[in-house]
Amino acid sequence: MKAVAVLPGKPNSVHLREIPQPKLNDQPHAHVCSIPEGRAVLVKTLQIGVDATDREINEALYGNAPPGGEHLVIGHESFGEVLEVGAKVTELKPGDLVSCTVRRPGGSIYDKIGRNDITSEETYYERGINLCHGYMTEMFVDDAEYMVKVPPQLRHLGVLSEPASVCAKAIDQAYLAQQRLQVWSPKRAFVLGAGQIGLLATMMLKLRGLDVYTLATKPGPHRKSEIATAYGATYVSTKQESMHDLAKRVGKPDIIFEATGNAEQCFRSMEVLNLNGALIWTSITGGTHEVKIDAAKINLEWVLGNKLLVSSVNGNRHHFELGLQALSHGEAMFPGVTQRILTNPVAGLDNYQEMMRLLVEDKEALKVFVNIGV
Ligand code: BGC
Ligand code: ZN
């Protein structure tokens with residue numbers, strides 16, 4: 001069967017390759033964790049989403065092949081339909097829709113308690129990213145433990161399960177950490193960035209009843225500003241009003257959700273956070289980028305203001321479930337809006353070059369995903 005893979009370490013090595021069709025009793029990640037007897041699930045891939053991580057993997061900035069091989073099958077944003085289940089799988093049946101978590105457990109205490117999303121080991125195992133093959137194939141096998149059921153009414157948004165889990169986790173972590181304050185009712189949020197993560201975070205913060213401002217460079221109206229507005233947020237082009245001016249005009253935000261992919265923004269946002277506020281960092285920024293900041297001022301304001309920085313990556317089953325709940329809730333509150341994120345379908349694995357081209361060159365492509373078994 002077909003798979004899309006790269007040769008980690010070699011820039012622009014994305015290619016189509018023939019790999020064996022998986023069987024239910026395969027052990028795809030035996031070098032990390034094996035699937036317990038009877039707990040495997042065989043899935044037909046429906047759609048796979050791609051993001052900046054896939055672009056960076058193809059640029060050889062990120063990612064490693066599983067040991068013993070040179071290639072890495074990419075694709076970590078999975079959506080598929082169950083074909084066959086092992087004898088001990090009772091929670092899933094053929095025909096169910098699923099998305100899989102990305103990280104597989106290493107050996108730390110967090111990995112052992114089902115929190116591999118916060119592993120304390122330097123080496124992490126992520127399907128389609130690091131040391132484990134991904135989902136950009138026609139079929140795959142995994143442990144039922146790492147599969148999350150997608151409700152049939154969310155079929156049209158199933159490919160957003162993984163990005164939604166990343167946003168849901170980050171916000172959940174911030175609220176959990178803010179229990180330190182005993183009482184906290186945040187009123188205003190700034191979301192920095194209007195890519196898929198920024199827009200899904202915009203929706204999730206609106207669902208929590210906040211006044212949300214979504215900031216990105218390009219002046220609207222355009223699809224991103226329309227989606228933010230349809231979620232009930234205010235879209236602000238930073239070309240027209242800077243983040244600092246916005247904070248002066250509407251007040252400092254109690255939550256900042258940083259999702260620009262720009263390291264300077266991560267630090268600049270520290271200058272506008274409200275007292276007792278939480279700044280959430282989700283951008284993954286490769287390379288080096290030095291910036292000049294007034295460290296004394298930030299330190300003073302952060303200490304005197306009891307401010308909190310929460311960094312968050314990856315999601316486990318619980319966060320996928322939170323993400324799917326938010327997608328459902330979002331459909332009820334803002335019908336038809338979230339699907340506007342799904343801008344660029346690519347027809348089949350054969351068109352992997354078009355997929356990469358959209359990801360690298362097309363600044364308007366909000367979400368690129370590949371239709372495989374649909
Ligand atoms: C993925 C996460 C992953 C992170 C770091 C992101 O693109 O969505 O699941 O943990 O990259 O590799
Ligand atoms: Zn990702």
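In this chain, residues are counted from 1 in sequence order. Both counts, for ligands and for their atoms, begin at 1 and track the order of listing. Computation of the quantities below employed the complete heavy-atom set of this structure, encompassing side-chain atoms and omitting hydrogens, waters and symmetry-equivalent molecules.
- A centroid separation of less than 6.0 Å is found between the aromatic rings of Tyr235 and His222.
- When the heavy-atom distances from atom 9 (O) of ligand 1 to His319, Arg127, Glu162, His76 are ranked, the shortest goes to Glu162.
- Under 4.0 Å from ligand 1, the heavy atoms of Glu126 that appear belong solely to its side chain.
- At under 3.5 Å, not a single nitrogen or oxygen of Tyr124, backbone or side chain, sits near a nitrogen or oxygen of ligand 1.
- A 4.5 Å side-chain heavy-atom check between Leu358 and Glu354 finds at least one atom pair inside the cut-off.
- Counting heavy atoms from C-beta outward, Val32 and Pro105 have side chains that stay 4.5 Å or more apart.
- To the nearest 10 degrees, the angle centred on the Zn ion (ligand 2) between NE2 in His76 and OD2 in Asp51 reads 110°.
- Across Asn314, Ile284, Ile57, heavy-atom proximity to atom 4 (C) of ligand 1 is greatest for Ile284.
- Using cut-offs of 30° and 60° for the angle between ring planes, the His71 and His133 rings count as parallel.
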Hey, can you pull the donor-acceptor pairs under 3.5 Å for the side chains in residues 140-149, sequence neighbours left out?
unit_1, atom_1, unit_2, atom_2, d
Asp142, OD2, Arg104, NE, 3.3
Asp142, OD2, Arg104, NH2, 2.6
Asp142, OD2, Arg127, NH1, 2.7
Asp143, OD1, Glu145, N, 3.0

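- From the protein, the heavy atom lying nearest to atom 5 (C) of ligand 1 is Tyr62 OH, 3.2 Å.
- Between Asp172 and Lys169 there is no salt bridge, since none of the side-chain N atoms of the basic residue sits less than 4.0 Å from a carboxylate O of the acidic one.
- Atoms of ligand 1 found under 4.0 Å from any heavy atom of Thr53 (numbered from 1 in listed order, with element): 6 (C), 7 (O), 11 (O).
- Put simply, Asp54 stays out of reach of the Zn ion (ligand 2), with no N, O or S atom under 2.8 Å from it.
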